[in-house]
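The structure appears right after this line, and notes come after that.
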Protein chains: 2
Amino acid sequence: MKNYIKVDEWKIVEEGFDPHLNKISESIFSLGNGRMGQRANFEETYTGDTLQGNYVAGVYYPDKTRVGWWKNGYPEYFAKVLNAANWTAIKVRVGEEELDLNTCTVKEFRRVLHMKEGFLEREFVAELSDGRKLKVNSKRFCSIVDDEAGAICYSLTPLNFDATFTLTPAIDGDVKNQDSNYDEKFWDEVYQETGQDNAILVLRTRKTGFEVATGMMFSVSAGGRKQELQSRPLSSERYVACEVSVEGKQAETITLCKYAVNLSSENYPSQTLVAEAKRTLQKVCSKGFEKMLEEQTAAWDLKWQESDIVIEGDVAAQQAIRFNIFQLNQTYTGEDARLNIGPKGFTGEKYGGSTYWDTEAYCVPFYLATAPPEVTRNLLIYRYKHLEKAIENAAKLGFKDGAALYPMVTMNGEECHNEWEITFEEIHRNGAIAYAIYNYIRYTGDKEYLASYGLEVLVGIARFWKQRVNWSDARSKYVMLGVTGPNEYENNVNNNWYTNTIACWCMEYAIEALAHVKSAFPERYTLLTAKMNFDDVEEVSAWKHVIDNMYFPMSEEHGVFLQQDGFLDKEQILVKDLSPADRPLNQKWSWDRILRSVFIKQADVLQGIYFFEDRFSEETIRRNFDFYEPRTVHESSLSPCVHAILAAKLGDEARAYEFYLRTSRLDLDDYNNDTEDGLHITSMAGTWMSVVEGFAGMRVRNNALRFNPFLPGKWTSFSFNILFRGSILNVLINKEHICLSNQSEKALTVFVFDDPYQVEGGKSVKAAYRTVDGRIETKS
Amino acid sequence: MKNYIKVDEWKIVEEGFDPHLNKISESIFSLGNGRMGQRANFEETYTGDTLQGNYVAGVYYPDKTRVGWWKNGYPEYFAKVLNAANWTAIKVRVGEEELDLNTCTVKEFRRVLHMKEGFLEREFVAELSDGRKLKVNSKRFCSIVDDEAGAICYSLTPLNFDATFTLTPAIDGDVKNQDSNYDEKFWDEVYQETGQDNAILVLRTRKTGFEVATGMMFSVSAGGRKQELQSRPLSSERYVACEVSVEGKQAETITLCKYAVNLSSENYPSQTLVAEAKRTLQKVCSKGFEKMLEEQTAAWDLKWQESDIVIEGDVAAQQAIRFNIFQLNQTYTGEDARLNIGPKGFTGEKYGGSTYWDTEAYCVPFYLATAPPEVTRNLLIYRYKHLEKAIENAAKLGFKDGAALYPMVTMNGEECHNEWEITFEEIHRNGAIAYAIYNYIRYTGDKEYLASYGLEVLVGIARFWKQRVNWSDARSKYVMLGVTGPNEYENNVNNNWYTNTIACWCMEYAIEALAHVKSAFPERYTLLTAKMNFDDVEEVSAWKHVIDNMYFPMSEEHGVFLQQDGFLDKEQILVKDLSPADRPLNQKWSWDRILRSVFIKQADVLQGIYFFEDRFSEETIRRNFDFYEPRTVHESSLSPCVHAILAAKLGDEARAYEFYLRTSRLDLDDYNNDTEDGLHITSMAGTWMSVVEGFAGMRVRNNALRFNPFLPGKWTSFSFNILFRGSILNVLINKEHICLSNQSEKALTVFVFDDPYQVEGGKSVKAAYRTVDGRIETKS
């Protein structure tokens, strides 16, 4: 754990330069706009420890390293997100000396992520070897207005000398992935061009053949006067740059504005990439840096209106929650249904930048509540578009008749994870995909989605579950053998309660969806059943037979649902009995020992209780929580939020807050010593959930928002904006009341502590605060 | 399945050249001498489809392809057997045309493996493009007398022309492995030297740093006259050769004798490798080809005296069993305790040439009965030498206090398999290693081995099992969670009956061994217990507690031992219900489907019954056999032999013979379409077991050999030689009697159908044949 980030409500601030923290900061200060992103690498040359990272959404490389070669059904490759051309590079030479924070003395270093405005700023004074002092200021951002563009404003002020500055803005595509086996390179050069103030580099990925055109254009001013450029083009394999000389005078600022674009062949025909890149460059360049930044600030202002959480009385918590919201909004904007949310977003290489069930289980609630419905809808359509491939994937494993198994990890709908216990067995992901459809409709009321897209996905998934169970003569029940539940510290278990539960729910929901589409869109229904070759008598009755005869493991003794068959054969020790030296287990224990232990990586039975909470009595929830929580090590960043929400529901405010703390500053404080690899983007949505579904107790039931809030002890108040059915609702919770402000025109009925409140457009209403035991709080 | 090998009692014969069969023949006609070996690649250039393979025992490369990177306890690498320098190459140019069976017309092609004498012969007439006809004969072998050497006698007879022949004997080290990820190369050149009639090439493996010196020396004669050589040295990276020209006259034979040696830095200091290679070359060269072959024939004659099986009335069976015995003796000679038996021996790259539990479970019985005790003893000492590493391996997984877990796959004692469900969980291998010690002592009576080596291994293994079980409160029994049994079509199961059984047996046997050493070698015992820090009260009593309270899964309903917990939850379909289109499952079904199915890859419960047959009533054996056999797909070549032996024991002669047939000609007839990858060496020992332990019903009990034989219907008789306690016993079984001939001086008491027979040295006795129902057979 580190503690070097300065606390501030709206800014992430690092003061002073510590090379040992550099890779962590490179992650924390990452920038992105949904279409591309980058780690906060320095513009100028840095020969110290760094993880260079520039990423273009949707561009990947298929690593074909062979594993389990003789087992059928394995995917062809593991997708890797690619380290792409670096467009931020600006080499700086002062006379003969190159500016490099690894070799000069760095003073007054300050790095700031301006979350309100959406840009990164860095400032320092470099003392060169001969005592010359140079002040540097750099601002840069990935534009969320022009989402193929980014801009840098890089200023140099010689404080105590005159000198000739040689500036070399570059596009460096000679990059590789840190995690490539055998140091394989992934990019081939297709084209390059260098002009006086611009350059273009087109690279093509090996094997996958994606082409990305990266262009730059720049201008230089000195002492406020635009400079006529006499630049020298530089070029080598996968590298283009322009070298310009500028006479620098003491105390006069030289500014280089660099505009860059990344265009991918996913969006343009390969032949037009260069022309389109030039056109886009021209467009942003003619706006200029200031105008672009103005637009960026305005666009971020809008995002904050929709998604901000304000915490009073705890600046560190305030900073943390905004950081999480900021990074989520940098990662996914919902404008392109071909894109999704990698667990590390644009901040690192790990998890291959691919799509996991994190999206449906953890990110969907965030985007539902903080962005227009189209954003989440695009996440769902992403999966709809992959339905054919999910059916192929299931067929590869031996399922038939349109059964669909969505991949555990994917870029384009194809499975690209290569561990059998995950790829073939962690099939509960299929349930999360169905659940996201349910969740989207519950939240938005957009039932038409079922007819347009949802039903086909639901039927494919239900068909899969029907075939995936088998009848056990021994139990006279259906069983589900050989699965891996959300708790990945168990593999290949039988009758994982969560998986059995969500499987049956999927079939139930598919039946419900069929009935709805049949009655509300009869023509579409006829068309769809024909398309799917669906027999709505036989198939539905077969599903019902499974639903009615499914086996669910239980412990009579403990009065709990059993995570899987045989769970009680394990040695029943608790997390509190573990020595700190054993934690985290995944770093200290062998995989063998982890698998055999009782310890749970992340919510498993409790994930099911969270999803289907209305089905269980509070007593049941409590018994299961009390049984599983003490066995859970939360070694997935996705785990604490579910426990926080359940603890809050059970009125255990202290523990709810404790779970929330585990992820709220996970990356800012580098809790797990792994922030240098990138940020835990999808878990950031879990932190948001802890606050909104946990502390505020938000639920949607019967087309209405409901709150059952409490105020964490340390906080004076917290409030947040929620988009719901076309309205923006601000919810403020303090020790006295819950204030609901309807910031749009349409009236809303909102439940607080189960009492309905009518909130007219533009108006606020207040409900009295109650403590967990039901006392109405009075002013203290 | 193919059927192109001509049937012959002592020879493997291929007639006519079919390029499509070439890779299969390259496997079948492989040569080896325990220290090196090679596929039957052609000496002359061949541009057709071929898998080049030359292997040097003990020389491997650590493939570091990353898998499951975040899981602790994984091995550092997967060992790969290396394709080593090819010393068989002799390029032949006739005038300007290169001899290449892929481009010329091939007539009268005949390839013969002379198993009696231990050499490979190839003969053909090549018709060149202009009609010139050239007769070629080649004989070669890897010497089992000079086991670092091989020799080739290569003769060319121009049938209808005169021409200048250019012959280029070479050592070609510019080779790579077919299975290398990313086409990585494994060898660097260290040294080369080329003389008039000789050349030396020293290569060093990357990463592991093994050095291998390969040398050659040759002479040429024409028309029976030795030729003075004016050779031209050729050399390039990792390649040395000598080019010689010889005037060839019609009908006159040109003969090139090439001698080659392979010396490894495992046996000589690196600095002396070149000198030692020259010395060895000189030695074999001065013997000459004829003398070397004479010695080879004599040495093989001795091997056949010890290990031959003679089958009358079925030439195909005769050929097959001799082929199996021949290949086993080519693979392992027992002279070096650092070497072991790779599942493909020296015939291919698969399975990395590493050591598996195949050695202890399947090969040990063969070598015990057909070779002096030292041969098997060296196999055991191989594991003894790896004890420290097995303890380290267990420690890596979290076990302590001297617990030993032997690797699933190894070259030098380090685990080098990289699938967790095997590496960490297929721990029953530990049991096979203990069983081999028991088996060796049972067979040889060499109880002193326990004091010298065995006890330490047994204690390390017993300690492992003690720690590997855990107490289940739910069952009030010890359980063993998360294992993979011999049936690798199930992974990560709980309470595999076989593993639980052998685990308890290991502890029992360790207790017995401790008691024996304590009483027979008290001083050694004191020394050993101190060395092992062994507490013979506490530890033994803890083991006993486990033995007495172990859980063994059973089915009351079926009256059988249950393969593992939950086995009866599977859909209970039988192999006979499978469509042929589904077979073999491992090629037709996804891994997911295989895991969930009831189908058994290889004997699992039945393996335990085979090992511990004396503990079970015939009725119990029959019930388990009748339950598991119909569920077994035998997709490991190691499976049918166990079923054959049990079927024989149960008096089911027809099925015993049927199981035997599945492996006896597995490679000769290319049953599974995979012989081109190499031979199934370890399963060949299983075939031997089917005949000797199955048909002949051989057992060792109370220091005596026992036979309970039957004669397979098709056969007139079969007989075999057995080494037992210093005697060679020939056992002949025909429809009338069982004839025991003691070919040594010491008397032996042998049991046939439970009746004792005293067989004096140099004498024979006969017992009457009985059918399975006990009828004494009379002449028919």
Side-chain angles (χ1 to χ4, degrees), chain A residues 64-74 179 181-182 184 396-399 405 418-421 423-425 427 468 470-475 477 479-482 490-495 551 555 557 565-572 585-597, chain B residues 64-74 179 181-182 184 396-399 418-421 423-425 427 468 470-475 477 479-483 490-495 551 555 557 565-572 585-597:
Chain A
K64 300 211 172 182
T65 300
R66 280 180 280 184
V67 183
W69 47 268
W70 65 275
K71 294 170 181 167
N72 281 321
Y74 261 76
D179 67 356
N181 272 316
Y182 295 83
E184 212 179 5
K396 219 163 133 185
L397 300 192
F399 299 90
L405 175 60
N418 55 9
E419 293 172 281
W420 63 268
E421 65 277 15
T423 310
F424 299 157
E425 297 204 335
I427 51 178
R468 187 55 168 74
N470 70 273
W471 182 258
S472 161
D473 284 335
R475 296 190 198 265
K477 287 274 184 190
V479 292
M480 183 133 48
L481 307 180
E490 305 266 4
N491 290 159
N492 194 44
V493 301
N494 295 336
N495 294 310
Y551 168 72
S555 162
E557 183 194 346
D565 284 352
F567 185 77
L568 292 177
D569 272 339
K570 289 169 177 269
E571 195 187 358
Q572 297 295 320
L585 300 184
N586 68 24
Q587 286 172 28
K588 303 301 176 59
W589 281 13
S590 69
W591 184 238
D592 166 58
R593 192 168 176 192
I594 288 175
L595 280 180
R596 287 186 286 122
S597 86
Chain B
K64 299 213 173 182
T65 299
R66 280 181 281 184
V67 183
W69 47 268
W70 65 275
K71 293 169 183 167
N72 281 321
Y74 262 75
D179 67 356
N181 272 317
Y182 295 84
E184 212 179 6
K396 219 164 134 185
L397 300 191
F399 299 91
N418 54 9
E419 292 173 283
W420 63 268
E421 65 277 16
T423 310
F424 299 156
E425 297 205 335
I427 51 178
R468 187 55 168 74
N470 72 273
W471 181 259
S472 163
D473 284 334
R475 295 191 199 265
K477 287 274 183 189
V479 292
M480 182 132 47
L481 306 180
V483 305
E490 304 267 2
N491 290 158
N492 195 43
V493 301
N494 295 335
N495 294 310
Y551 169 71
S555 163
E557 184 195 346
D565 284 353
F567 185 76
L568 292 176
D569 272 339
K570 289 168 177 270
E571 195 187 357
Q572 298 294 321
L585 300 184
N586 68 23
Q587 285 172 28
K588 302 302 176 59
W589 282 14
S590 70
W591 184 237
D592 167 59
R593 193 170 175 191
I594 288 174
L595 281 181
R596 286 186 289 122
S597 85

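Chain naming here is simple, since letters A, B, ... match the order of the sequence lines and numbering starts at 1 in each.
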Aromatic rings B:W591 and A:W420: how do their planes relate, parallel, tilted or perpendicular, breaks at 30° and 60°?
perpendicular
Using non-hydrogen atoms and a 4.5 Å limit, figure out which bit of B:L568 sits close to chain A: side chain, backbone, both or neither.
both
So which part of B:N470 gets closer than 4.5 Å to some heavy atom of chain A, the side chain, the backbone, both or neither?
side chain
Heavy atoms only: give me the nearest A:S590-B:K396 pair and the separation to one decimal.
CB-O, 3.7 Å
Under 4.5 Å from any heavy atom of chain A - which part of B:F399
side chain
With chain B as the partner, which of A:Q587, A:E557, A:K477, A:K588 has the greatest number of non-hydrogen pairs under 4.5 Å?
A:Q587
Contact part of B:K570 toward chain A, heavy-atom cut-off under 4.5 Å: side chain, backbone, both or neither?
both
What part of B:E425 lies closer than 4.5 angstrom to a heavy atom of chain A: side chain, backbone, both or neither?
side chain
I want to check something: taking the side chain as every heavy atom from C-beta on, are A:V479 and B:R596 in contact at a cut-off of under 4.5 Å?
no
In Å and rounded to the nearest 0.5 Å, what is the CD to CD distance from B:E419 to A:E419?
10.5 Å
For chain A, find which of B:D569, B:D592, B:N492 contributes the most heavy-atom pairs closer than 4.5 angstrom.
B:D569
